[in-house]
Amino acid sequence: MSRPPVIIGAGPAGMRAAQTLAAYGLRPVLLDEAPRAGGQIYRQPPSGFTRRRTQLYGFEAGRARALHETFASLRGQLDYRPQTLVWNAQPGLLDLMETGTLAASSLSWDDLIVATGATDRVLPFPGWTTPGVFTLGGAQVALKFQGCAIGERVALAGSGPLLYLVAYQYAKAGARVMAVLDSGSMGDRLAALPAMLNQPAVLAKGMYYLAWLRLHGVAVHTRARVLRAEGGARVEALVWRREDMNDAQASPGPEQRIECDAVGFGHALRPETQLADLLGCRFGFDPVQRAQLPLRDPAGRSSVAGVYLAGDGAGIMGADAAELAGERAALALLQDRGMAVDRARIHTLEARLRRIGAFRQGLERAFPFPRRWAETAPDALLVCRCENISAGELRGAVRDCGAGELNRLKALTRVGMGRCQGRMCGVAAGEILAAAAQVPLSQVGRLRGQAPVKPIPIGMHCRQMPHAAPAAAPGEDA
Amino acid sequence: MKRLDSEILVIGGGIVGSAAALALARAGRRVAVLERDLCGARSSGINYGGVRRQGRAAVQLPLAQRAHHIWSGLRELIGIDGEYVRSGHFKLARSAADMQALEAYAELSRPYGLDIELISGERLRRQCPWLGGAVMGGSLCPEDGQANPRLVSPAFARAATAAGAAVLEGCEVLQAGHDGSAFVLEARHGGQALQARAAVLINCAGAWAGKLAAAFGEDVPMTSGHPSMAVTEPIPHFLPWSLGVEGGSIYCRQVARGNVVLGGGRGYVLDADRARASHDSILGLLPQAVELLPALRHVQIIRTWSGVEGYLPDRQPVLGPSATQAGLFHGFGFCGAGFQIGPAAGEALAELVLRARSPVPLDAFSISRFNAVAADASSHPLVPERKIS
Ligand SMILES: Cc1cc2nc3c(=O)[nH]c(=O)nc-3n(C[C@H](O)[C@H](O)[C@H](O)COP(=O)(O)OP(=O)(O)OC[C@H]3O[C@@H](n4cnc5c(N)ncnc54)[C@H](O)[C@@H]3O)c2cc1C
Ligand SMILES: Cc1cc2nc3c(=O)[nH]c(=O)nc-3n(C[C@H](O)[C@H](O)[C@H](O)COP(=O)(O)OP(=O)(O)OC[C@H]3O[C@@H](n4cnc5c(N)ncnc54)[C@H](O)[C@@H]3O)c2cc1C
């Protein structure tokens, strides 16, 4: 008999996948490193916090409630294990660590849904490591999880829907939003409208945030390039100018300075693909998301039998798509186990996912990637904060050692070799490499996934012995 | 189809192939390296970084001594120091029997000049306050050391290029043979077919070299092995030496940046070309690390990895002329310990090509030790082309 299916990630994708498997009579194992279910968007505060759902989730309060209540009703039907980090994956076996107790264990699997979500896509600027500078996601987590703001006078910069959402949420929560600096332009938004009209509700929300910000006197600047953050022990100002990051011909405007005590920045999201990588899933370059993503069919099947991918962890599609994709992947898993599933439902799910897919394309056009970011990044810009590697050092390795691929760049410079293992700096390093080597981004490859997905303490307790006694390596360097 | 005519072809741009090409180019010979991936992307660039003579079998010590000398002039040779330091290599004993084994090795290696010192008792406690567990003593080889393989091995290939070698990366040799007048290699380079010809061929294809040797009628009993590695976040310096343990279940060193690199156990095979540290090896390594170095208990592991290395039953490489085909030379199968001797192995191969002999004794590494029949057939006439991948 097969083992219970395993789901990694209890965000909207993983929760819906769990619900679907339970509805078909299976008792899936649901692993999540967070203490409570919800993932990024429906993140729950620690128990004991009393902010209302409408305060926490705004327009999404209804969905949040639906999801959390569904999930609560599933207790008993799931083997739900919060605070459980999956730090390694290999064929048939996952390595786990309980984040509270540091107890290590492992879990055998036959089939597996990977729904690991996303983190901010970071394009650094000079001064980004000054205390008080956060990513947009980080700024939002502070608000959602802890009910605190990153500062009192906050400047927000970058691009993507989260920029306006966080601005709105901060202003509503009582922080002073000093300015919103958007690297894109209104022209981009207009050009993207047709593609976005197939998700009118999402579009309306976005327009609402913008209108609300304008109405409440928040300065919103488009085609804004952040030049640097100033300050020592704490950020004091954000300096920017008007400059088109997709057109080198347009001449830039004068420098402007925004006094602030905190900065949130980010350029949309990047999927957490390391587990898919460790599992051996085949990847391909996605030109829209400018990223190497694990390949999957419309149902979420990866290139590896028994491994399914759902939600933002396989490519950024947003929370609604994550729910649909989680359900679809669960149905695919059931199909592959030879169970009869609701075909009409599959149809509906795939049709909706296609519609959201088209909308996503529009969203990328509405918030275009600042293509000139890499060529305009100064040599002194710190790219890898773990290892202190600058843009100039990366360019030097390209120039002097002919590095043309990301893993080689890492080997030569240590970029992505620190605690974050490239989860933060990998995007920026790839962009700088492609620009410096004058090759398309698709050619620079991706940093190979290496366990552990996140750092693990050497002294974690092994509850069970490893599956076999450790053999002395043949001819190792004793 | 592209064509490449050279005097000498080297298959494999690891540290051995690159060092051979460097020596040949410096001697003014026309040499080309065909490397499937990037030079130094395999074992040579991802190994533990131990540059150690201590513990090697006596037959390897002349080669290791020669390498020791090459390492001392690394910057002049390849343009960088590659974080090479003669930090000392300390091999630990956990029992009286282990200590005896170390004493015996110190004795055996004395004629070669390793200058091994035995340390135990009070002096051990004084010099190694960071040691935990049941260590009884150890043997220190003060001039052994460590280096950064990620930097060193690609730099050998760059130095070869600078000296005039043609180094073709992304160039996989698919077929090898000899048409009676020259070696003929069929390869793919950047998506295009390439035919390379030369009078001399050097097989430095690491764990994949067996197929090439077989293409010339020489079967070697080589297997692949995958040592598991792990590295911690950077921490303040506390570990002066590279550490090994008699019996060999764990080894570790602290690099210039402060990270502690640990090795032990076996990885698992991902596909023919790649391996990863396994569940068993990582979980087997961690408690041993804490036992050996209690200060590591709260330190975090940030990365693990493994590589694919060729092993031969007697734990010695194949290094020397082919027994079946004139003009063919082999240098592969370094059994988890070829980083230190790699530069000397490359030079020895170059000497064999240039002068038909090397001052370093290589008899123990002859390919004919595996196949008496093949040795007899040393005047093998014409070998048909054979697929090697
Ligand atoms: C910081 C942040 C804030 C966001 N805010 C909003 C917002 O306000 N509105 C909006 O519409 N969209 C927002 N998004 C986008 C939105 O979160 C996603 O579209 C949606 O949550 C995707 O759902 P998911 O199930 O794919 O992943 P997620 O919701 O991200 O869930 C993934 C889950 O997997 C777990 N996980 C990941 N790796 C491991 C591992 N190795 N071991 C164990 N568990 C693991 C995580 O703990 C997490 O709970 C935000 C994204 C981020 C990163
Ligand atoms: C994890 C690990 C740790 C180690 N630790 C140490 C240590 O601490 N100290 C030490 O001395 N040694 C160590 N070793 C051993 C050492 O790394 C190797 O012995 C040494 O690098 C071998 O060098 P090489 O050039 O023979 O092989 P490689 O570096 O493997 O080079 C062979 C090259 O040939 C290429 N190739 C193969 N087939 C073809 C083809 N058909 N066409 C074109 N190119 C081809 C490959 O791509 C590869 O680049 C370790 C090895 C591993 C794997």
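By convention in this document, chain letters (A, B, ...) are assigned in the order of the sequence lines, proteins followed by strands, and residues within each chain are numbered from 1. Bear in mind the structure is a predicted one, so any value in this text is a computation, not a measurement. Values below: every heavy atom of this structure, side chains too, minus hydrogens, waters and symmetry copies.
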Pair B:Q300-A:R419, side-chain hydrogen bond (donor to acceptor under 3.5 Å, both in side chains): steps then yes or no: CA-CA 9 Å; B:Q300 298 196 313; A:R419 288 179 53 94; 2.9 Å; yes
Kindly determine whether A:N88 and B:I282 satisfy side chain to side chain contact (heavy atoms under 4.5 Å, CB included), including the steps that lead there. CA-CA 10 Å; A:N88 186 22; B:I282 301 171; 4.1 Å; yes
Portion of [X] that has a non-hydrogen atom of chain A nearer than 4.5 angstrom:
X      : answer
B:L92  : neither
B:T161 : neither
B:N259 : side chain
B:R303 : both
B:I46  : neither
B:Y268 : side chain

A:I456: which of B:T304, B:I302, B:I301 passes side-chain contact (heavy atoms from CB on, under 4.5 Å): B:I301
Proximity breakdown for [X] and chain B, heavy-atom pairs closer than 4.5 Å:
X      : answer
A:C420 : neither
A:M460 : side chain
A:L102 : neither
A:E405 : side chain

Among B:E233, B:R158, B:E169, residue most engaged with chain A (heavy-atom pairs, under 4.5 Å): B:R158
Using the side chain to side chain contact (heavy atoms under 4.5 Å, CB included) rule, take A:D95 and B:L283 through it: C-alpha gap first, then chi angles, then the decisive distance, then the call. CA-CA 9 Å; A:D95 279 303; B:L283 291 187; 4.0 Å; yes
Check: B:R276 and A:L278 side chains under 4.5 Å, non-hydrogen atoms: yes
Using side-chain heavy atoms (C-beta onward) and a distance below 4.5 Å, is A:R414 in contact with B:R150? yes
What is the distance from atom [atom1] of [X] to atom [atom2] of [Y], rounded to the nearest 0.5 Å?
X      : Y      : atom1 : atom2 : result
A:L412 : B:L151 : CG    : CG    : 6.5 Å
B:H298 : A:I458 : NE2   : CD1   : 11.0 Å
A:R408 : B:C39  : CZ    : SG    : 7.5 Å
B:I80  : A:C401 : CD1   : SG    : 7.5 Å

Decide if atom CZ of B:R274 counts as having more than 12 heavy atoms of other residues, nucleotides or ligands within a radius under 6.0 Å. no
Under a 4.5 Å heavy-atom cutoff, which of A:K410, A:E387, A:K454 has the most pairs with chain B? A:E387
Using side-chain hydrogen bond (donor to acceptor under 3.5 Å, both in side chains), reason through B:R257 and A:N388 one step at a time and then give a plain yes or no. CA-CA 11 Å; B:R257 168 80 174 102; A:N388 237 335; over 6 Å; no
Looking only at atom types and distance, does a side-chain atom of A:Q90 sit under 3.5 Å from a main-chain N or O of B:H279, one as donor and one as acceptor? yes
